[in-house]
Amino acid sequence: MTREAAAEPLLTPHRLSDRLAEWLRQRIEQGALRPGERLPTEQELAEQHGVSRTVVREAVSRLRSMGLLVSRQGSGVYVAPLSAARPLAFDPAVLNSLEAVLQVVEVRRALEGEVAALAAQRATPEDLQRIRAALAAIDEASAAGRDGVEEDLRFHRAIAEATGNPQFRLLLGFLEQYQRDAMKVTRANEATSELLMDEARREHHELAEAILRRDAAAAREAAIRHMVNAARRIEEADADVRAALRAALLAHHQGQVR
């Protein structure tokens, strides 16, 4: 990376290290920093971007954890080779907005439709019993006045497990961490409206019933409809709920980057 390629000073960040990590990530993905290429030193990066060396260390550490950079003792930090396995990860710096929550819901929409269809085709009697139990737990949580978020997530995990493909369970488990806080806020919003509560409850029952009767097409349709409506409930939430959601996302983000 040449000194001419240095970006503007990072003056308006959520966190300076977030901004620097994102800038470096883009340089790597765009090919401006090539596999095996050595990064400038901490001091050089700090001077180029007008930040402290601590900020540089935090940014580099994040990209190392994502598998984009590797350290070589006594030599420096290098862009990881293309052959290096990289863990699935979303940069927490870009997951602190309503837009990002909706993007994750959209990812789940694409995933959960096929998960539900496969569950309908492949579920064992034991899988179906777990789905029934998870659905009953959601209803019990609602009747007891709890938000039911953990029960909701458990229900979707039970469906993923019923596919017989452990990768689906792992993918949904990964996405959960980016939705749990948002779900708690939006579920509180649903609790203020009997109509919204009934709508969400009906969607869960329609999904479970399609799987239980082994109707793959109906299960796929029900899962997609549930995700579409979940996004709509977020988009249509009133100003107070949206403000609470933003606050929850910000708190989650700050906890991620400390």
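Not measured: the values here are computed from a predicted model. Every heavy atom of this structure was used, including side-chain atoms; hydrogens, water molecules and symmetry mates were not.
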Check: So, R122 side chain and T163 main chain: donor-acceptor pair closer than 3.5 Å or not?
Finding: yes
Margin query: Salt bridge check, E22 against R25: does any charged N sit closer than 4.0 Å to a carboxylate O?
Written below: yes
Notebook entry, point to check: What distance separates R109 CZ from E112 CD, expressed to the nearest 0.5 Å?
Noted result: 12.0 Å
Note to self: A side-chain contact here means heavy atoms from C-beta on lying under 4.5 Å apart; do V79 and L68 qualify?
What the structure shows: no
Notebook entry, point to check: Between L118 and N165, does a side-chain contact (heavy atoms from CB on, under 4.5 Å) hold up when you go through it step by step?
Noted result: CA-CA 9 Å; L118 289 173; N165 183 339; 6.0 Å; no
Checklist line | Same apolar cluster (I L V M F W Y, side chains within < 4.5 Å links), L111/V228 | finding: no
Next item on the list: Enter the distance from L128:CG to I211:CD1 here, rounded to the nearest 0.5 Å.
Entry: 8.5 Å
Next item on the list: Would you list the pairs meeting ring-ring contact (aromatic ring centres under 6.0 Å, His included) in which at least one residue belongs to residues 102-138, sequence neighbours left out?
Entry: none
Check: Taking all atoms of both residues into account, what is the closest heavy-atom pair of A231 and L102, and its distance?
Finding: O-CD2, 3.7 Å
Next item on the list: Look at R233 together with E203 and state whether they make a salt bridge at an N to O cut-off of under 4.0 Å.
Entry: yes
Notebook entry, point to check: Quick one: does D127's side chain have a donor or acceptor within less than 3.5 Å of a partner on T124's backbone?
Noted result: yes
Check: Taking the side chain as C-beta and beyond, is there a heavy-atom pair between V55 and S52 under 4.5 Å?
Finding: yes
Note to self: Quick check: closest heavy atoms across I131 and A208, and the distance to 0.1 Å?
What the structure shows: CG2-CB, 4.2 Å
Checklist line | Check ion pair E209-R213 (N to O, under 4.0 angstrom) | finding: no
Item checked: Shortest non-hydrogen contact from V115 toward A160 -> CG1-CA, 3.7 Å
Margin query: Please give me the minimum heavy-atom distance between R34 and G31, naming the atom from each residue.
Written below: CG-O, 3.5 Å
Next item on the list: Run the salt-bridge test on R232 and E235 with the 4.0 Å N-O cut-off and return the result as yes or no.
Entry: no
Next item on the list: Check step by step if salt bridge (charged side-chain N to carboxylate O under 4.0 Å, His left out) holds for E151 and R146.
Entry: CA-CA 10 Å; E151 289 83 359; R146 302 194 304 275; 3.4 Å; yes
Item checked: Separation between CZ of R202 and CE of M197, rounded to the nearest 0.5 Å -> 13.0 Å
Next item on the list: Tell me, please, which residues at least two apart from S61 pass side-chain contact (heavy atoms from CB on, under 4.5 Å).
Entry: R64
Check: With the 4.5 Å side-chain cut-off for hydrophobic clustering, are L172 and F174 part of the same group?
Finding: yes
Next item on the list: Specify the closest pair of heavy atoms between S71 and V77, including all atoms of both residues, with the distance to one decimal.
Entry: OG-CG2, 3.9 Å
Checklist line | Distance, nearest 0.5 Å, that separates CZ of R108 from CE of M227 | finding: 4.0 Å
Next item on the list: Using a strict cut-off of less than 4.0 Å between a Lys/Arg side-chain nitrogen and an Asp/Glu carboxylate oxygen, indicate whether E176 and R157 qualify as a salt bridge.
Entry: yes
Check: Which residues satisfy the salt bridge (Lys or Arg N to Asp or Glu O under 4.0 Å) test with R154, sequence neighbours excluded?
Finding: none
Note to self: Test: ring-ring contact (aromatic ring centres under 6.0 Å, His included). Region: residues 100-126. Which pairs qualify, not counting sequence neighbours?
What the structure shows: none
Item checked: Interatomic distance, D198 atom CG to S142 atom OG [nearest 0.5 angstrom] -> 8.5 Å
Margin query: Just verifying a value: how many Å separate D152 CG and I138 CD1, rounded to the nearest 0.5 Å?
Written below: 5.0 Å
Notebook entry, point to check: Can you find a heavy atom in the side chain of R72 that is under 4.5 Å from one in the side chain of Y78?
Noted result: yes
Notebook entry, point to check: Taking the side chain as C-beta and beyond, is there a heavy-atom pair between I28 and L69 under 4.5 Å?
Noted result: yes
Side chains of residues 214-225: which donor-acceptor partners sit under 3.5 Å, not counting sequence neighbours?
residue, atom, partner, partner atom, Å
R214, NH1, A120, O, 3.3
R214, NH1, A123, O, 3.0
R214, NH2, A123, O, 2.5
D215, OD1, A217, N, 3.4
D215, OD1, A218, N, 3.0
R220, NH2, E114, OE1, 3.3
E221, OE2, R225, NH1, 3.3
R225, NH2, E206, OE1, 3.1

Checklist line | Side chains of H49 and W23 in contact at under 4.5 Å (non-hydrogen atoms) | finding: yes
Note to self: How close do G67 and A80 get, counting heavy atoms only, and between which atoms?
What the structure shows: O-CB, 3.3 Å
Check: Taking only residues at least two apart or on different chains, which pairs with a member in residues 130-167 satisfy ring-ring contact (aromatic ring centres under 6.0 Å, His included)?
Finding: F155-H204, H156-H204, H156-H226
